[in-house]
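Below you'll find the structure, written out as structure tokens, and then a few comments.
Within every chain, numbering begins at 1; the chains are lettered A, B, ... in the order of the sequence lines, protein sequences first and strands thereafter.
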Amino acid sequence: MNIADNQELSSHLRTHFGEGIIVHGEYVEITIGKFERVAKYLKESLGYEFLSMITAIDYIDYFELVYRIEAFQNKATVQLKLKCEKVKPVVPSLSHLWYGARLQEREVYDLFGIEFSNHPNLKRIVLWEGFQGYPLRKDFKVKSYDAGN
Amino acid sequence: MEIEREPLTSSTEIENHEGAIIEDLRASSQNPLSDPTEWLEKTIERNILLTTVDAAINWARKTSLWPVTAFTACCTFEFIGASSSRFDIARFGMEVLRASPRQADLLVCGGTLTWKMAPQIKRLYEQMAEPKWVIAMGACAISGGIFHDSYSVVPGYNHIVPVDVYVPGCPPRPETLLAGIENLRRKIAQNSIKKSGTKR
Ligand code: SF4
């Protein structure tokens, strides 16, 4: 299927999934409940076949996950954003859709402490086992800054 | 198609083991090791014969420093610059970069050292045969540099191995490294085999 631009994509997703899909110009915000189905639909029906990155942002009230998915055929990119709660964040894993998601999800888990349900091998990847805390969270304390406050 | 791979049966065990080693090392390396200073002491009664032997041995040692190939980050490139034709450390008899620590006697610590890498560097150092020397090259190797308070970076190689010469810079230019090597050669020249036959 040929998707001309983000506008068309968003209306397409709206008609398919109804509420819970909010389009903000460049990116598409999705609720956790619909996330897996939207990703599957993007991959299998709309030709968005390449997951190029996963990352996370630590906001004051919530974590936000950012996924960039690309369609080579249409030369198109879509950004999905997903909010999850601060305490015990859990989001669905996309590792059954993209094998490459495994490593990236492990990295997000390692540095942000966000858990991915149904991930086959969720453990630290960059840091070592036994490391305390999640260093890219804003509340992670670093020595010199501790002394400062 | 999705590729399925069998995980190593005990990969979790391996990782836990590795993590425990790193945590141990981290806990025991909170303070820097003191720099070797014994070479500064002047032996009072030196006899003529030994000074000559010392001079010969030290000459041999300082003119054939063989660095071990163990570099961790960007400072390495300045070392590569220093070791290739323009700056040419072959002049000092040290162009032979050994791939085995057992054949090397100089560890040039070029680059940021993470705690995850630290056990390997310690092991390399321990595998090198005496006498052996260490040059800390660059801000990261001296103190952790811009990463000094990072969660994953060792704040200076001297937490892990005793350092003989510190070469400042980010990265140090090859000339600076050559000056450091020159200092190390001067330091080696002051050793005596009377002190247990090694550099200490
Ligand atoms: S001192 Fe500078 S150049 Fe050298 S490893 Fe550190 S950051 Fe890189």
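- With contacts defined as side-chain heavy-atom distances shorter than 4.5 Å, the pair B:Y151/A:L111 qualifies.
- Hydrophobic clustering, with ILVMFWY side chains joined whenever heavy atoms are under 4.5 angstrom apart, keeps B:L106 apart from B:W66.
- With a threshold of 4.5 angstrom between heavy atoms, B:E18 does not approach chain A through any atom at all.
- Heavy atoms only, all atoms of each residue included: A:I125 and B:K116 are closest at O-NZ, 3.5 Å.
- Within 6.0 Å of CG on A:N118 lie no more than 12 heavy atoms contributed by other residues, nucleotides or ligands.
- If you take CD on B:E23 and CZ on A:F131, they are separated by 8.0 Å, rounding to the nearest 0.5 Å.
- Residues A:I32 and A:L94 are members of one and the same hydrophobic cluster, defined by side-chain heavy-atom contacts under 4.5 angstrom among Ile, Leu, Val, Met, Phe, Trp and Tyr.
- By the criterion of side-chain heavy atoms lying less than 4.5 angstrom apart, applied directly or through intervening Ile, Leu, Val, Met, Phe, Trp or Tyr residues, B:I181 is grouped together with B:L97 in one hydrophobic cluster.
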